[in-house]
Colleague: 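Here it is, the structure, as structure tokens.
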Amino acid sequence: MKQGKLITMDEFTIQETRKFPQATGELSSLLRDIGLAGKIINKQVLKAGLVDILGKHGATNVQGEEQMKLDVYANETLINILKNSSDCAGIASEENDDHVCFEDTFSANSKYVVLFDPLDGSSNIDVNAPIGTIFSIYRRVSELGKPCTMQDFLQPGNRLMAAGYIIYGSSTMMVYATKVSVNGFTLEPSIGEFCLSHANIKVPENGKIYSLNQGNTLKYSDGMRAYLDYCMEINKEEGRPYSHRYIGSMVADLHRTLIKGGIFIYPADKSSPKGKLRLQYECNPMSFIVEAAGGKGSTGEGNILDVEPTELHQRVPIFIGSKNMVAKALSFLYPVTA
Ligand code: P6P
């Protein structure tokens, strides 16, 4: 790759595709479509405070969460872009009860399906905190030429072809992982292109930041509370106490963790025995990205990517980030008996 040259995401994916002679370019084309959706959503996010797109949409989604208008706009944008893509057989969205098959011939013959959380962290929209779109791309398991099936969307994360997110923050970035590497692209608004800014991202093996909603501490298990005490006690050799950072927007907390290292946790607790975050829309894609960058994603009992999904909106606990920090946290949950 030539040094100093601005490399657009399209150029990058084409160069990456050339490394695999058998690649057809369909995955690159799908990533380009998702990037286009991100640019369209970004335009509305940037002016959310100025137009009547802010505030409650009045509807509630399958999670029972009140839908912000931007949620609905982002969801419809992704569905429309992917419906017109020649590389997507269907979608499943955190905002939709069920999956959606695209019936046209082109789509029915496409080999990929896409799952997404169209606007994660939407409770932060009206306080101008970072929010994001999270997406997962699977090769379908159903027969080409026929409509996609639920089984296409209930695949474990270890079968992901690619996963990524678009973060609408101080800058707009698209980060995506394949099994080969994780790369970040920053939107250059003057040319409307995502340009390579973070090549071959690697999660530091150790970090100094722990990220979780400490307001839930009283509902945590004894092991989780012991780990929190560990994070807060002073130990200069180990660089503790850690710093606590929690934005309340998974994409923003995970993007910081990916770049700086650290651990993000949304554990099971007394009121949420499976935790809060969704396996297929948040935990699997983020674990795929973090593990491709050398980090770790665990439910506390095993690898997130190995969980066999049983329903589209199921939740799992998540411990994710620097691999040594995740290992340390798990040692408090399941102390190794001597
Ligand atoms: P809590 C946002 O609603 C979200 O789904 C994630 O983006 C975020 O990490 C989490 O929920 C925040 O949850 O319970 O701490 O507000």
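We use all heavy atoms of the structure for the numbers below, so side chains are in, but hydrogens, waters and symmetry mates are not. Since the model is a prediction, treat every value here as computed from it, not as a measurement. As the structure lists them, so they are numbered: ligands from 1, and atoms in each ligand from 1.
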Colleague: In terms of atom number and element, which parts of ligand 1 are under 4.0 angstrom from non-hydrogen atoms of Ser249?
Modeller: 7 (O)
Colleague: Under 4.0 angstrom from ligand 1, any heavy atom of Leu212?
Modeller: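 So Leu212 does not count as touching ligand 1.
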Colleague: May I ask you to identify, for Tyr281, whether its side chain, its backbone, both or neither come under 4.0 Å of ligand 1 on a heavy-atom basis?
Modeller: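 Neither part.
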Colleague: Just do the side chain to side chain donor-acceptor pair (under 3.5 Å) check on Glu188 and Ser190 with the steps written out, would you?
Modeller: CA-CA 6 Å; Glu188 169 43 87; Ser190 63; 2.6 Å; yes
Colleague: In ligand 1, which numbered atoms sit nearer than 4.0 Å to a non-hydrogen atom of Lys276?
Modeller: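 Those atoms are 1 (P), 3 (O), 10 (C), 11 (O), 12 (C), 13 (O), 14 (O), 16 (O).
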Colleague: Ring-plane angle category for Tyr242 and Tyr230, please: parallel below 30°, perpendicular beyond 60°, tilted otherwise.
Modeller: perpendicular
Colleague: Taking N or O atoms only and a 3.5 Å limit, does Asp253 qualify as a polar contact for ligand 1?
Modeller: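 No, there is no polar N/O contact under 3.5 Å.
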Colleague: Phe185 and ring pair (Phe, Tyr, Trp, His ring centres under 6.0 Å): which single residue from Phe12, Phe194, Tyr165 fits?
Modeller: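 With Phe185 as partner, Phe12, Phe194, Tyr165 yield a single ring pair (Phe, Tyr, Trp, His ring centres under 6.0 Å), made by Phe12.
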Colleague: Under 6.0 Å between ring centres, would you say that holds for Tyr112 and Tyr138?
Modeller: no
Colleague: In terms of atom number and element, which parts of ligand 1 are under 4.0 angstrom from non-hydrogen atoms of Gly121?
Modeller: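 Once the distances to Gly121 are compared, the set is 2 (C), 7 (O).
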Colleague: Within ligand 1, which atoms have a heavy atom of Asn213 less than 4.0 Å away?
Modeller: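 Result: 1 (P), 14 (O), 15 (O).
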Colleague: Could you establish whether Asp120 and ligand 1 come within less than 4.0 Å of each other, counting only heavy atoms on the residue side?
Modeller: yes
Colleague: Could you tell me whether Lys5 and Glu11 have a side-chain N and a carboxylate O separated by less than 4.0 Å?
Modeller: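 Yes, charged N to carboxylate O under 4.0 Å.
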Colleague: So if I count the atoms of ligand 1 from 1 in the order they appear, which ones are less than 4.0 Å from some heavy atom of Met250?
Modeller: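 Listed by number with element: 6 (C), 7 (O), 8 (C), 9 (O).
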Colleague: Using a 4.0 Å cut-off to any heavy atom of Phe264, which atoms of ligand 1 qualify?
Modeller: 9 (O)
Colleague: Within a distance under 4.0 Å of any heavy atom of Glu282, pick out the atoms of ligand 1 and give their elements.
Modeller: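 So the answer, numbered in order with elements, is 5 (O).
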Colleague: Check whether more than 12 heavy atoms from other residues, nucleotides or ligands sit under 6.0 Å from atom CZ of Arg225, and answer yes or no.
Modeller: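 Check passes, neighbour count above 12.
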Colleague: Taking non-hydrogen atoms only, is Leu277 closer than 4.0 angstrom to ligand 1 via side chain, backbone, both or neither?
Modeller: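 Answer for Leu277: side chain.
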Colleague: Heavy-atom distance under 4.5 Å between the side chains of Ser136 and Phe116, does that happen here?
Modeller: no
Colleague: Do Asp104 and Ser107 have a side chain donor and acceptor closer than 3.5 Å?
Modeller: yes
